[in-house]
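In what follows, chains are A, B, ... by sequence order, proteins preceding strands, each numbered from 1.
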Protein chains: 2
Amino acid sequence: MYTIGQLAKTSALSRSTLLYYDSIGLFSPSGRSSSNYRTYTDADRARLEQICTYRRTGLSLRDIGRIMKTRGRQGLVPLLEKRLDELSREIRALRSQQHFIVKLFKNDRAISRIRVMDKGSWIKLLETAGLDEAARDKWHAEFERLAPEAHQDFLEALGIPVKEVALIRKYSRGGRRE
Amino acid sequence: MYTIGQLAKTSALSRSTLLYYDSIGLFSPSGRSSSNYRTYTDADRARLEQICTYRRTGLSLRDIGRIMKTRGRQGLVPLLEKRLDELSREIRALRSQQHFIVKLFKNDRAISRIRVMDKGSWIKLLETAGLDEAARDKWHAEFERLAPEAHQDFLEALGIPVKEVALIRKYSRGGRRE
DNA sequence: CATAAACTATGAAGTAGTAGACAGGTCAAG
DNA sequence: CTTGACCTGTCTACTACTTCATAGTTTATG
């Protein structure tokens, strides 16, 4: 049996958060003491750990609540797949902010060190390591075959415009260069 | 002279957003019509475009407000540098969610295709392209020299634990492989 | 056994940025 | 002059919490 403070300390969540989870019906204590204090059992703890696991995926509390209510975790997989898509979009958005800031800096004053890789720096890197253009083409082709989505993400992460990304990928799949 | 609806349509911001910007004092119309409607001028439009530019960097509205109030954009550069740091942290957090989901999937059922690259897939890719271990070492060393922060980000993006990242980078800087 | 420290409860309000509800104003057509 | 379409202003809700205020309870100390 734990009070809310004890549970907070051992679960790396704040007391406020536990109160909030109770208030929205996501995670309520299984009982109350004579003085109306919330009392949590070990079974509650296990439930909370499940919730924390799902939280590490970035699922919304609402979705987590839905999963916890159904037994057998039915519907979990599609939710996680949706979350993966969301994550790609979110990361892409942040990447584009990075590149935009770097561009602003460039117009202003030469930025001393490279914080964010772009296409030019990347190619230079591969060349230094000994990959010529033919080898790079092969690398793209293999990337595209192995993990098309990750290939797309990677190219966009270099700040390459969407249209050019499409061209590169098409070529990687065996199309003719433009 | 524009009304709020006209400005919204031509600025790719919603009416709600313009109303909110007015309510927090970030972007207010320069006048009101006889019927108390907000009236915006072309000068207002220019101001709004500035705001949109800063928004594309992900700066908070509060920070944007501060920048707009000072002329000469004094203090902009440190704010953007802070934002770059924030962006790295945010992207790192999202990527750790990605890797966590992929790990969950792996325990559950074999995921058919690779959406998120990990260390193993990456090495395989470089090998296929013709980079042996020595060449990869050289590649790391060059990456570290050219853009240490980006190198760190990249390694973490592959889901490599922070400690191992530190080791790789140390070795890249000329340390001995233990 | 009294007192203080440290806990607990509830409720309200704040955060960022947007979406939507609602009541009322404006304008053209009939 | 009225109808309807479209506009406007203000206010509320949302996420996932945190912070604060106020009041009651338990625990440790002297």
Distances under 3.5 Å only, N/O to N/O: pair up the protein atoms with those of nucleotides 23-26 of chain D.
residue, atom, partner, partner atom, Å
D/dG24, N2, A/Y37, OH, 3.1
D/dT25, O4', A/Y37, OH, 3.2
D/dT26, OP1, A/S35, OG, 2.9

To the nearest angstrom, the CG-P distance between B/L7 and D/dC7 comes to 14 Å
Restricting to non-hydrogen atoms, name the atom on B/A135 and the atom on A/A129 that form the minimum distance, rounded to 0.1 Å. CB-O, 3.9 Å
Would you say A/D63 and A/Y54 are linked by a side-chain donor-acceptor pair, where the criterion is simply a distance under 3.5 Å? no
Start at the 5' end of DNA chain C and walk down; is the nucleotide closest to B/L19 or to B/G58 reached first? B/G58
Hey, is the main chain of A/I168 close enough, under 3.5 Å, to the side chain of A/S172 for a donor-acceptor pair? yes
In a check of side chain to side chain donor-acceptor pair (under 3.5 Å) between B/Q97 and each of A/R83, A/R56, A/R55, which one passes? A/R83
Taking any atom closer than 4.0 angstrom to a non-hydrogen atom of chain B, what span of DNA chain C does the protein reach, first nucleotide to last? C/dA16 to C/dT26
Hits for side-chain contact (heavy atoms from CB on, under 4.5 Å) against A/D44, two or more places apart or cross-chain, chain-then-number order -> A/F27, A/S30, A/Y40, A/T41, A/R47
Taking everything shown except B/R62 itself, do over 12 heavy atoms lie less than 6.0 Å from its CZ? no
Do side-chain atoms of A/T57 reach the backbone of B/I101 as a donor and acceptor pair under 3.5 angstrom? no
Starting from A/F100, can I reach A/I91 by hopping between I/L/V/M/F/W/Y residues whose side chains sit under 4.5 Å apart? yes
Short question: side chain of A/S28, backbone of A/G25 - any donor-acceptor pair under 3.5 Å? no
Name the nucleic acid region contacted by A/I24, choosing base, sugar-phosphate or nothing; use a 4.0 angstrom heavy-atom cut-off, strictly under. nothing
Kindly list each side-chain donor-acceptor pair under 3.5 angstrom involving residues 149-162 of chain A, sequence neighbours excluded, with atom names and distances?
residue, atom, partner, partner atom, Å
A/E149, OE1, B/R113, NE, 3.2
A/E149, OE2, B/R113, NE, 3.4
A/E149, OE2, B/R113, NH2, 3.0
A/H151, ND1, A/E144, OE1, 2.7
A/H151, NE2, A/H140, ND1, 3.0
A/Q152, OE1, A/R169, NH1, 2.5
A/Q152, NE2, A/E156, OE2, 2.5
A/E156, OE1, A/R92, NE, 3.1

Measure the spacing between OG of A/S88 and CZ of A/R95 and express it to the nearest 0.5 Å. 12.0 Å
Polar pairs (N or O, both sides) under 3.5 Å between protein and nucleotides 17-22 of chain D?
residue, atom, partner, partner atom, Å
D/dC17, OP1, A/R55, NH1, 2.7
D/dC17, OP2, A/Y21, OH, 3.0
D/dC17, OP2, A/R55, NH1, 3.3
D/dT18, OP2, A/S14, OG, 2.8
D/dT18, OP2, A/T17, N, 3.4
D/dT18, OP2, A/T17, OG1, 2.4

Check this for me, if you would: do B/R145 and B/E142 make a salt bridge, where the nitrogen-to-carboxylate-oxygen distance has to be below 4.0 angstrom? yes
Estimated bend of the helix from C/dC1-D/dG30 to C/dG30-D/dC1 (axis per five terminal pairs, rounded to 10 degrees): 30°
Counting only heavy atoms not in A/R73, do more than 12 fall under 6.0 Å of its CZ? yes
